[in-house]
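See below for the structure under consideration.
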Amino acid sequence: MDDALRRAAESQMRRRAPDGDDAVDVDRASKRARETTTTAPALGRFAYGALRTFLDVSTFRGAVFATCSRARERSASKDLARAMTRAMGGEGATLEPVKMPGRGAVLLRASPRGRGMDAAATTREAMRMIKAGEIPASRFLEKMYPIDGAFEAGDEEGTRAACARCVSGARRRSERARGKTVSFAVVYRRLDDGSSDESDGGANASKIEDAAHGRRVLTPRVAAAVKEALAAEDASCEARVDLKDPDIVVFVEVFCARAGDGGDERAYVVTVGACARDDEVFEVKSRGIAPVSVSTFWKAPPPKWMIEKGLASAPPATSDDEKEECARDE
């Protein structure tokens, strides 16, 4: 009896970890790694602490910011890079992910060494391809925001230059945005680094709103810059704010992070991106204006047992009652 138990145990151990299969598993794993590296879009390493570098206007080539599931930033970055690369044609597009100060968000910028990216047009094409099923939707991505310009909080000249760039792109893509009367809206959001200024229970909330990066200061400043940009494009154009049915929506994202030396000083990076109504990438809801959610178009794959039995693509079953009704109708 002891010999039988020993032989059974040895057989079980050999079945779990045979020498020959170990080598095969390693080869298969390395093959999958090589295939993933070959087929994945060109994506550089995460650039930690690159928010200050992101302000450099001379190297800015466009970027896309997206919110995503928490603790899924790398998977979301790969899905976003794949969608952006397909939307840009797949050639000459090298994307660099920037490490975000807070979790649940990713930022991909065009490499300074590669060609530039029209962020709003790329976002529009990516959403079109996702809706049409040409690009598989991501289960991790949520909202996508184009970034046509970046500047430091309080930089009025940078604000005007960035708004002029994004307004020009929106008018170029949309006939409705080239009318004599153009309505627009400014949507403000702020991404914190987890050490919020409001950690004291909101005692400094009013002070934050009145700061250079605050909502009460930055939103009207961007709105004034948008009106100035529209007037520069067409002197006869009348620009007005409309939060119900805007022709152009300007998304303002404020990124907040601690300085690289680990002190209490924070760095504030303001980015702007404009989308036209014709782009079909934003929607107006009762809570406000927001980009269309990418995860809305994601569908869970069929279970493995259904795929093995060939039922995943099979037509739905028809009951006998339905067959009789169809026969009577005929």
Side-chain angles (χ1 to χ4, degrees), residues 62-68 76 79-90 93 95 105-108 110 116-149 162-163 165-189 222-223 226 229-230 233-234 237 239-253 271-299:
V64 175
F65 168 73
T67 57
C68 64
D79 291 345
L80 182 60
R82 188 175 294 109
M84 294 295 103
T85 303
R86 287 284 305 277
M88 289 188 289
L95 303 175
V106 295
L107 174 63
L108 293 183
M117 173 177 61
D118 188 336
T122 303
T123 304
R124 171 185 181 175
E125 180 64 14
M127 288 301 301
R128 185 198 66 78
M129 297 178 76
I130 291 173
K131 292 177 182 178
E134 301 175 20
I135 298 178
S138 172
R139 62 179 298 185
F140 307 115
L141 290 174
E142 295 172 358
K143 307 285 188 180
M144 288 196 303
Y145 298 80
I147 296 177
D148 297 307
C163 291
R165 186 184 302 114
C166 68
V167 167
S168 177
R171 286 175 61 86
R172 184 174 61 253
R173 295 189 310 274
S174 172
E175 182 179 355
R176 181 174 174 177
R178 293 193 297 269
K180 294 301 180 182
T181 302
V182 179
S183 59
F184 71 94
V186 178
V187 178
Y188 175 95
R189 290 183 76 255
V222 170
V226 171
L230 289 171
E233 290 273 335
D234 184 359
C237 177
R240 56 184 177 85
V241 176
D242 187 354
L243 302 180
K244 299 298 183 181
D245 187 25
D247 300 324
I248 300 175
V249 173
V250 179
F251 295 103
V252 178
E253 289 285 341
T271 65
V272 292
C275 293
R277 168 66 72 177
D278 300 344
D279 294 338
E280 297 182 352
V281 298
F282 68 85
E283 54 189 354
V284 181
K285 295 185 176 181
S286 58
R287 294 184 177 181
I289 302 172
V292 176
S293 179
V294 183
S295 59
T296 303
F297 305 99
W298 184 80
K299 297 181 180 179

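Between Asp279 and Arg173 a salt bridge is recorded (basic side-chain N to carboxylate O distance below 4.0 Å). In this structure, Asp234 pairs ionically with Lys180, as a charged nitrogen and a carboxylate oxygen lie closer than 4.0 Å. Between Asp247 and Arg240, none of the side-chain N atoms (NZ, or NE/NH1/NH2) sits under 4.0 Å from a carboxylate O, so this pair counts as no salt bridge. Taking 4.0 Å as the cut-off between side-chain N and carboxylate O, Asp245 and Arg176 count as a salt-bridged pair.
Considering all non-hydrogen atoms of both residues, Ile248 and Ala274 come closest at CG2-CB, 4.0 Å. The shortest non-hydrogen separation linking Ala119 to Ala63 is CB-O, 3.1 Å. Closest heavy-atom contact between Ile289 and Leu243: CD1-O, 3.9 Å. Nearest approach of Ile130 to Ala137, heavy atoms of both residues: CG2-CB, 3.9 Å. In terms of heavy atoms, Arg171 sits closest to Cys237 at NH1-SG, 4.3 Å. What you find for Pro246 and Val249 is that their closest heavy atoms are CG-CG2, 3.6 Å.
The closest side-chain heavy-atom distance from Val252 to Val187 is not below 4.5 Å. The side-chain heavy atoms of Cys275 and Pro146, taken from C-beta on, include a pair separated by under 4.5 Å. Here the side chains of Phe251 and Tyr188 are not in contact, with every heavy-atom distance at 4.5 Å or above. In this structure, the side chains of Asp79 and Phe140 come closer than 4.5 Å at one or more pairs of heavy atoms. At a threshold of 4.5 Å between non-hydrogen side-chain atoms, the residues Thr123 and Val64 count as touching. Put simply, the side chain of Val272 does not reach to within 4.5 Å of the side chain of Asp148, judged on heavy atoms. In this structure the side chain of Met117 reaches within 4.5 angstrom of the side chain of Met88, judged on heavy atoms.
Rounding to the nearest 0.5 Å places CE of Met144 at 9.5 Å from OG of Ser293. Separation of atoms OG (Ser174) and CZ (Arg277) is listed at 10.0 Å; rounding is to 0.5 Å.
A tilted orientation is assigned to the rings of Tyr145 and Phe65, their planes being inclined by 30° to 60°.
The salt bridge (Lys or Arg N to Asp or Glu O under 4.0 Å) check on Arg128 picks up Glu125, Glu134, with sequence neighbours excluded. For Glu253, the salt bridge (Lys or Arg N to Asp or Glu O under 4.0 Å) criterion is met by Arg189, not counting sequence neighbours.
Screening Met129, Arg124, Lys131 for a side chain to side chain contact (heavy atoms under 4.5 Å, CB included) involving Met127 leaves a single residue, Lys131.
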